[in-house]
Number of protein chains: 2
Amino acid sequence: MKYIEKLRKSGLRPTKQRLQICEVLFDTERTFHFTINDLVKKINEKLNHKISLATVYNTVHAFEKKGYLKQIPINSNQTYFDTNISDHHHFYDLKEEKLIDLENSDVGPINIFKKIDGKKIKSVEVLVKLED
Amino acid sequence: MKYIEKLRKSGLRPTKQRLQICEVLFDTERTFHFTINDLVKKINEKLNHKISLATVYNTVHAFEKKGYLKQIPINSNQTYFDTNISDHHHFYDLKEEKLIDLENSDVGPINIFKKIDGKKIKSVEVLVKLED
DNA sequence: TTACTACTTTATAATGATTCTAAAAAGGTG
DNA sequence: CACCTTTTTAGAATCATTATAAAGTAGTAA
Ligand SMILES: [Mn+2]
Ligand SMILES: [Mn+2]
Ligand SMILES: [Zn+2]
Ligand SMILES: [Zn+2]
């Protein structure tokens, strides 16, 4: 399996559950945005059995910490994650409640003129809210 | 009181609780960011009695709907609000877990080249995460 | 293979922010 | 005041997320 090495390199044991979650998350044509609930549904569809909810949470957080997933800041009662870990921005369709990627070429360069002493910029994220 | 008219114009009855919350939120030198919990603490400090939690939630949401408060999208278990309703962006200090305003002059113009059919841009918000 | 240890999974309970409920209180109007 | 609507409130309910702790598994070295 191609994910075994990836997990080992990260210091994560390649367990059955983690490998199966890798398949659901990363064996896709396109990247996508999801909540934990979305992911549990995908797992139940793709596999014919369940992975415990605690494991799904644990795994997603482990993957996020290792940089294989990104969390998207958005006002929702649920946390949104992204399998697209490149630097990029988002549309948020308020009616559909769906995120849409804005690739870097879709957004002009962003200049931040203000500086805070002793702090470095870690990331710059743009959220563009869409209405009808 | 200066807030009575403001509330009346919005179709909100100027109740004692709403006026007191107005004082805590808007009788300040500077705008600020807060969670519901922060606000409850401020109310308990400024006034010598409590306003029920449900009323604080109701009022904040009513004010947000009327445009007197903004919600700031951020990854937190609590919802952050802003008394600065101008178009502006934010630093988020990851260690302090504090928002810092970026005025429009602190950020260069932002160009979004992508369009989605039938959708209009409602807002563009930049979140700049800071680390040490 | 076996034994050992650390890590992982799991069911379940706990937490905590937010929302709901429905009855009491207060505002607006005449 | 009398009437009606809106608002407040305490408390319960909801629900995403995290914690717990016992059972299972992976890695490793004898
Ligand atoms: Mn969802
Ligand atoms: Mn706070
Ligand atoms: Zn994305
Ligand atoms: Zn602000």
Side-chain angles (χ1 to χ4, degrees), chain A residues 1 3-25 33-44 47-66 68-69 71-81 97, chain B residues 1 3-25 33-44 47-66 68-69 71-81 97:
Chain A
M1 312 292 211
Y3 298 115
I4 292 182
E5 259 315 287
K6 181 176 177 171
L7 291 174
R8 281 229 179 80
K9 275 185 197 155
S10 312
L12 298 172
R13 287 186 181 170
T15 63
K16 183 158 54 95
Q17 291 85 350
R18 282 175 179 161
L19 291 170
Q20 290 172 338
I21 291 174
C22 277
E23 286 171 21
V24 173
L25 289 176
H33 308 103
F34 65 94
T35 65
I36 296 290
N37 234 343
D38 295 335
L39 180 54
V40 167
K41 274 187 213 146
K42 273 188 205 288
I43 289 168
N44 293 343
L47 319 172
N48 293 21
H49 63 96
K50 315 222 171 313
I51 295 176
S52 90
L53 185 59
T55 297
V56 177
Y57 272 99
N58 289 342
T59 302
V60 165
H61 287 142
F63 286 4
E64 195 223 346
K65 190 174 241 177
K66 296 300 178 183
Y68 305 141
L69 291 173
Q71 219 176 320
I72 307 299
I74 200 174
N75 284 131
S76 166
N77 55 327
Q78 297 179 93
T79 304
Y80 276 78
F81 294 90
E97 295 188 326
Chain B
M1 311 295 208
Y3 298 114
I4 292 181
E5 260 313 288
K6 181 175 178 173
L7 291 174
R8 281 229 178 80
K9 275 185 196 156
S10 313
L12 298 172
R13 287 186 182 170
T15 63
K16 182 158 54 95
Q17 291 84 350
R18 282 175 179 161
L19 291 169
Q20 290 171 336
I21 292 174
C22 277
E23 286 171 22
V24 174
L25 290 176
H33 307 103
F34 66 94
T35 64
I36 296 290
N37 234 343
D38 295 335
L39 180 54
V40 167
K41 275 187 214 145
K42 272 187 205 287
I43 290 168
N44 292 344
L47 319 173
N48 294 20
H49 62 96
K50 315 222 169 313
I51 295 177
S52 89
L53 185 60
T55 296
V56 177
Y57 272 98
N58 289 342
T59 301
V60 166
H61 287 142
F63 286 4
E64 195 222 347
K65 190 174 241 176
K66 295 301 178 184
Y68 304 141
L69 291 173
Q71 219 177 321
I72 307 298
I74 201 173
N75 283 131
S76 167
N77 55 328
Q78 298 179 91
T79 304
Y80 276 77
F81 294 90
E97 295 187 327

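Protein chains get the first letters and strands the later ones, always in sequence-line order, with residue 1 at the start of each. Just so we're clear, the structure is a prediction, and the values are computed from it rather than from any experiment.
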| note | Rounded to whole Å, CD of B:Q20 lies from P of D:dT8 at a distance of 11 Å

Show me the side-chain donor-acceptor pairs of residues 6-13 of chain B shorter than 3.5 Å, one per line, residues at least two apart or across chains.
{"from": "B:S10", "atom 1": "OG", "to": "B:K6", "atom 2": "O", "distance (Å)": "2.8"}
{"from": "B:S10", "atom 1": "OG", "to": "B:Y68", "atom 2": "OH", "distance (Å)": "2.3"}

| request: May I ask you to test the B:T79-B:Q71 pair for a side-chain heavy-atom distance under 4.5 Å? | output: yes

| 4.5 Å side-chain heavy-atom contact, B:Q20 and B:H49 | yes

| task | Report yes if at least one side-chain N or O of B:T55 is closer than 4.0 Å to OP1 or OP2 of D:dT9; otherwise report no. | result | yes

| What heavy-atom pair brings A:D38 and A:H33 nearest, and what distance separates the two atoms? | OD2-O, 4.5 Å

| field | Sequence-aligned protein contact record of nucleotides 11-20 of chain D, with B where the base is within under 4.0 Å of a protein heavy atom and S where only the sugar-phosphate is | value | -----SBBB-

| field | From A:T35 atom OG1 to A:N77 atom CG, the distance as rounded to the nearest 0.5 Å | value | 9.0 Å

Report all interatomic pairs (protein N or O, nucleotide N or O of nucleotides 27-30 of chain C) with separations under 3.5 Å.
{"from": "C:dG27", "atom 1": "N2", "to": "B:R13", "atom 2": "NH2", "distance (Å)": "3.4"}
{"from": "C:dG27", "atom 1": "N3", "to": "B:R13", "atom 2": "NH1", "distance (Å)": "3.3"}
{"from": "C:dG28", "atom 1": "OP1", "to": "B:R8", "atom 2": "NE", "distance (Å)": "3.2"}
{"from": "C:dG28", "atom 1": "OP1", "to": "B:R8", "atom 2": "NH2", "distance (Å)": "3.2"}

| query | Got a second to check how far B:Y57's OH is from B:L39's CG, nearest 0.5 Å? | reply | 10.5 Å

| field | Shortest non-hydrogen contact from B:N75 toward A:I74 | value | ND2-N, 4.5 Å

| message | For D:dT9 and B:Q17 - does any side-chain N or O of the residue sit under 4.0 Å from the phosphate oxygens OP1/OP2? | response | yes

| query | With a 4.5 Å heavy-atom cut-off, do A:Y3 and A:E23 have their side chains touching? | reply | yes

| D:dT7 P sits how many Å from B:L19 CG, rounded? | 12 Å

| Please walk me through it: do A:I43 and A:K50 pass side chain to side chain contact (heavy atoms under 4.5 Å, CB included)? | CA-CA 7 Å; A:I43 289 168; A:K50 315 222 171 313; over 6 Å; no

| field | Separation of C:dT19 P from B:E64 CD (nearest whole Å) | value | 10 Å

| request: Mind calculating the distance between NZ (A:K66) and P (C:dC7) to the nearest angstrom? | output: 12 Å

| How many Å lie between CD1 on B:I51 and P on D:dT8, as a whole number? | 9 Å

| query | Roughly how bent is the helix from C:dT1-D:dA30 to C:dG30-D:dC1 end to end, in steps of 10 degrees, with each end axis from five pairs? | reply | 30°

| said: Rounded to whole Å, please give me the gap between CG in A:N75 and P in C:dA17. | reply: 16 Å

| query | Tell me: CG of B:N58 to P of C:dA26, nearest whole Å? | reply | 17 Å

| task | Write down the distance between CZ (A:R18) and P (D:dG24), rounded to a whole number of angstrom. | result | 19 Å

| Listed by chain and number, what are the ring-ring contact (aromatic ring centres under 6.0 Å, His included) partners of A:F81, not counting sequence neighbours? | A:F34

| field | Pairing residues for A:Q17 by the side-chain contact (heavy atoms from CB on, under 4.5 Å) criterion, not counting sequence neighbours | value | A:T15, A:I51, A:T55

